[in-house]
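All values derive from a computational prediction rather than experimental measurement. As the structure lists them, so they are numbered: ligands from 1, and atoms in each ligand from 1.
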Amino acid sequence: MTADLLGRLLPAREELAPGAVLLRGHALPVAPALLAAVTAVAAAAPFRRMVTPGGFVMSVAMTNCGAAGWVTDRRGYRYAGTDPQSGGPWPPMPASFRDVASGAAAAAGYPGFEPDACLVNRYEPGARLSPHQDRDEADLAHPIVSVSLGLPATFQFGGPDRRDRLRRVPLAHGDIVVWGGPSRLAFHGVLPLAEGEHPATGNLRINLTFRRAA
Ligand code: MD3
Ligand code: FE
């Protein structure tokens with residue numbers, strides 16, 4: 001058990017919905033190493049705001065590491081083995097990324113998760129992600145692991161139908177959520193990031209989203 005700011009006891013492992021497990025603070029011990037690795041990844045593959053197929057520039061800036069990276073442009077959403085901006089491969093997935101993702105997946109009941117893609121999302125105040133499903137991966141039997149770093153955000157998640165009611169879940173620095181099984185195709189989004197300062201990231205929120213793309 002851990003305690004929140006008011007000293008209330010919180011379970012370290014909370015089932016948000018069938019198949020979706022919140023591990024509060026699970027990444028805290030490795031957060032400095034993860035953030036140093038984000039800086040190295042972004043030096044090789046800079047954060048950029050991609051364009052949706054509908055022609056909108058996303059408010060969230062993104063980059064990737066691993067064998068495959070998630071990209072969007074006017075042609076659609078897909079995984080690509082190369083960075084369209086450099087023409088070369090994405091930076092390799094740092095060992096610290098791989099380890100935290102497979103460890104969290106195992107703790108959530110998904111042993112043997114070996115991500116081949118990590119989408120790194122960077123939110124500035126006001127940046128948001130409107131509700132969507134993640135369905136560009138080849139095999140939806142694999143879970144998705146997400147690690148929140150820096151400023152807190154309000155995460156929204158619903159059900160497999162866009163009209164399903166959206167629940168709000170606050171996510172803080174060091175929190176990990178593992179989404180699999182019946183939750184894998186749930187609609188989800190992130191409300192506009194509030195202004196703030198975090199000792200580890202300044203005015204930013206960073207989210208690492210680990211997937212098995214191929
Ligand atoms: C629930 N990113 O990159 S990660 C995304 O905080 C994305 O940056 C958000 O949604 C972020 O696609 C949320 C949490 C997440 C990821 C995949 C899911 C939640 C999910 C798949 C199914 C259900
Ligand atoms: Fe998503």
Are His198 and His173 packed together at the side-chain level, in the sense that at least one heavy-atom pair is separated by less than 4.5 angstrom? yes
Taking a cutoff of less than 4.0 Å between a non-hydrogen atom of the residue and any ligand atom, is Val177 in contact with ligand 1? no
Atom 21 (C) of ligand 1 - nearest protein heavy atom and its distance: His188 CE1, 3.4 Å
To 10 degrees, how wide is the angle NE2 (His132) to the Fe ion (ligand 2) to OD1 (Asp134)? 90°
Taking salt bridge (Lys or Arg N to Asp or Glu O under 4.0 Å) as the test, write out the residues that go with Arg205, two or more places apart. none
Less than 4.5 Å apart, any side-chain heavy atom of Arg212 and any of Asp139? no
Just which atoms of ligand 1 are under 4.0 Å from any heavy atom in Leu119? 3 (O)
Identify which of Arg184, Arg211, Arg128 has a heavy atom lying nearest to atom 12 (O) of ligand 1. Arg211
Against ligand 1, does Phe155 come closer than 4.0 Å with any heavy atom? yes
Does the side chain of Thr63 reach to within under 4.5 Å of the side chain of Asp83, using non-hydrogen atoms? no
Would you say Arg205 contacts ligand 1, with heavy atoms under 4.0 Å as the rule? yes
Does the side chain of Met50 reach to within under 4.5 Å of the side chain of Val60, using non-hydrogen atoms? no
Residues two or more places apart in sequence or in another chain: which of them pass side chain to side chain donor-acceptor pair (under 3.5 Å) with Gln133? Arg135
Within the 4.5 Å heavy-atom criterion, are Asp164 and Phe187 side-chain neighbours or not? no
Quick note on ligand 1: atoms under 4.0 Å from a heavy atom of Ser183 include exactly 22 (C), 23 (C)
Numbering as shown, the atoms of ligand 1 that approach Val190 to under 4.0 Å (heavy-atom distance): 6 (O), 9 (C), 11 (C)
With a 4.0 Å cut-off on heavy atoms, is Tyr123 in contact with ligand 1? yes
Looking at CG of Leu166 and OG1 of Thr154, how far apart are the two atoms once the value is rounded to the nearest 0.5 Å? 12.5 Å
Atoms of ligand 1 less than 4.0 Å from Leu129 heavy atoms? 2 (N), 5 (C), 7 (C), 9 (C), 10 (O)
Counting heavy atoms only, which of Phe187, Trp179, Phe210 is nearest atom 1 (C) of ligand 1? Trp179
Is ligand 1 less than 4.0 angstrom away from at least one heavy atom of Gln133? no
So if I count the atoms of ligand 1 from 1 in the order they appear, which ones are less than 4.0 Å from some heavy atom of Ile144? 16 (C), 17 (C)
Check the orientation of His142 and Phe113. Use parallel for under 30°, tilted for 30 to 60°, and perpendicular for over 60°. tilted
Around atom 17 (C) of ligand 1, find the nearest protein heavy atom and jot down its residue, atom name and distance. Asp134 OD2, 3.3 Å
Is a donor on one side and an acceptor on the other found under 3.5 Å between the side chain of Arg162 and the backbone of Pro131? yes
Provide, to 0.1 Å, the distance between atom 3 (O) of ligand 1 and the closest protein heavy atom, together with that atom's residue and name. Asn121 ND2, 3.0 Å
Could you list which atoms of ligand 1 come closer than 4.0 Å to a heavy atom of Ala186? 22 (C), 23 (C)
Which of the atoms in ligand 1, numbered in the order shown and given with their element, are less than 4.0 Å from a heavy-atom of Ser146? 4 (S), 14 (C)
Any side-chain heavy atom of Phe210 sitting closer than 4.5 Å to one from Met93? yes
